[in-house]
Amino acid sequence: KAIFKDDISQETFQKIKEEIASYG
Amino acid sequence: DIAKAIIDLAVYGKSQNRSYDRLGLLVDTVGPRLSGSKNLENAIQIMYQNLQQNGLENVHLEPVKIPHWERGEESAMMLVPRVHKMAILGLGSSIGTPPEGIMAEALVVTSFDELRRKAPEARGKIVVYNQPYISYPVTVQYRVRGAVEAAKVGAVASLIRSVASFSIYSPHTGFQEYQDGVPKIPTACITVEDAEMIARMASRGNRIVIHLKMDAKNYPDTSSFNTVAEITGSKYPEQVVLVSGHLDSWDVGQGAMDDGGGAFISWEALSLIKDLGLRPKRTVRLVLWTAEEQGGIGASQYFQLHKVNSSNYSLVMESDSGTFLPTGIQFSGSEKARAIMKEVMSLLKPLNITQVFSGTEGTDINFWIQAGVPGASLCDDLSTYFAFHHSHGDTMTVMDPKKMNIAAAVWAVVSYVVADMEEMLPRT
């Protein structure tokens, strides 16, 4: 597993947004 | 509802005021915590026990060599044009005067440029800097370099207007640096009031004579520790979100604001996560730095020891600019990481603290940021911070438990969520 990504796609960013929103 | 649960516990629940109460107990018991002092080592030992009793994991001390400077007795007396006892605070690492002190005429300047223009008049004099307060990063240059620049033109000592945004006759100390090849001269801060008065006297053509005595001494480096505790990650335990503040302070006041508050909201972040029974995917590591005030000494040695693992650090966080009412965080990192941090901060809408500013502040985490690790610092209301900074006024009286509750909530939500997200923050 890559421990950090140098870049993220728009699609991935949307998933991250949803992931973060789940903590709210 | 994890963010809401953290906020509720920190601000409204049974944990409210805990970081303030814990801080009060430590600083009332130990007092100020100067690098190299017994007080600092007592504080580190107490914190080691506190963190263990709190049930945090991997509590340990990491050895560090730190500077040992003591101010001793010090005084400054204006003798001409009238007798006036001046409040002073010697600057960290300053040498002392001879036992009989230094008696010399004062040369007043408002800038380094003016000092260079008046260089022919400076030999054998005490240079008094009356630089205006522009901002801390700009004006602090006079405290840090004032002695060196004065010595270059032949002065025998320097007295520097305190780097303070507001004064009620309070001298403010801090670190200063000598330069190889430039004679070391004693250096201290005076009050804004005295600097302005001496400048007015000089502008009227008065001759000003000052008698300065300082017993300050530099000793060999001594042993100290960075204090570490963790909540170990459940899925990627080798990956880290580092949360920090510094445990040392200057030897005046109580070091409650700088940086007791930052250290204790960082501890509180881990306590809140633990109280809620949360365990993020990666490790949340608390580091309480030693000897920050001498130039990030503990943090520098920590970085040297751990930089081989820098690719495992998702975010480094430091609170060292007060724990007054937060407005958001300052963030350093890639634009993609910033976009993610904005989403994280949106979880703090219930507190109306959602802003992500640029330009992370933090001597101790700068090493990591320079190495490409994303960094965050707490951004709060600084309107009174530099009135108390490095002065006898830095006590529990300036702290506010409710504001600390809110700062701790911000710190806990950010550290937990970044530690628990599936991916680390992107770097480029």
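The chains referred to below are lettered A, B, ... by the order of the sequence lines, with proteins before strands, and numbering in each begins at 1.
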May I have all residue pairs that pass ring-ring contact (aromatic ring centres under 6.0 Å, His included) and include part of residues 336-361 of chain B, sequence neighbours excluded? none
If we ignore hydrogens and angles and just use 3.5 Å, is the side chain of B:T283 paired with the main-chain N or O of B:T232 as donor and acceptor? no
Give, as side chain, backbone, both or neither, the part of B:A5 having an atom under 4.5 angstrom from any heavy atom of chain A. neither
Under a 4.5 Å heavy-atom cut-off, does chain B meet the side chain of A:Y23, its backbone, both or neither? both
Backbone N/O of B:K402 and side chain of B:D400: donor-acceptor pair under 3.5 Å: yes
Atom group of B:I2 that falls short of 4.5 Å from chain A, counting heavy atoms: both
Is B:E422 salt-bridged to B:K235, going by a charged N under 4.0 Å from an acidic O? yes
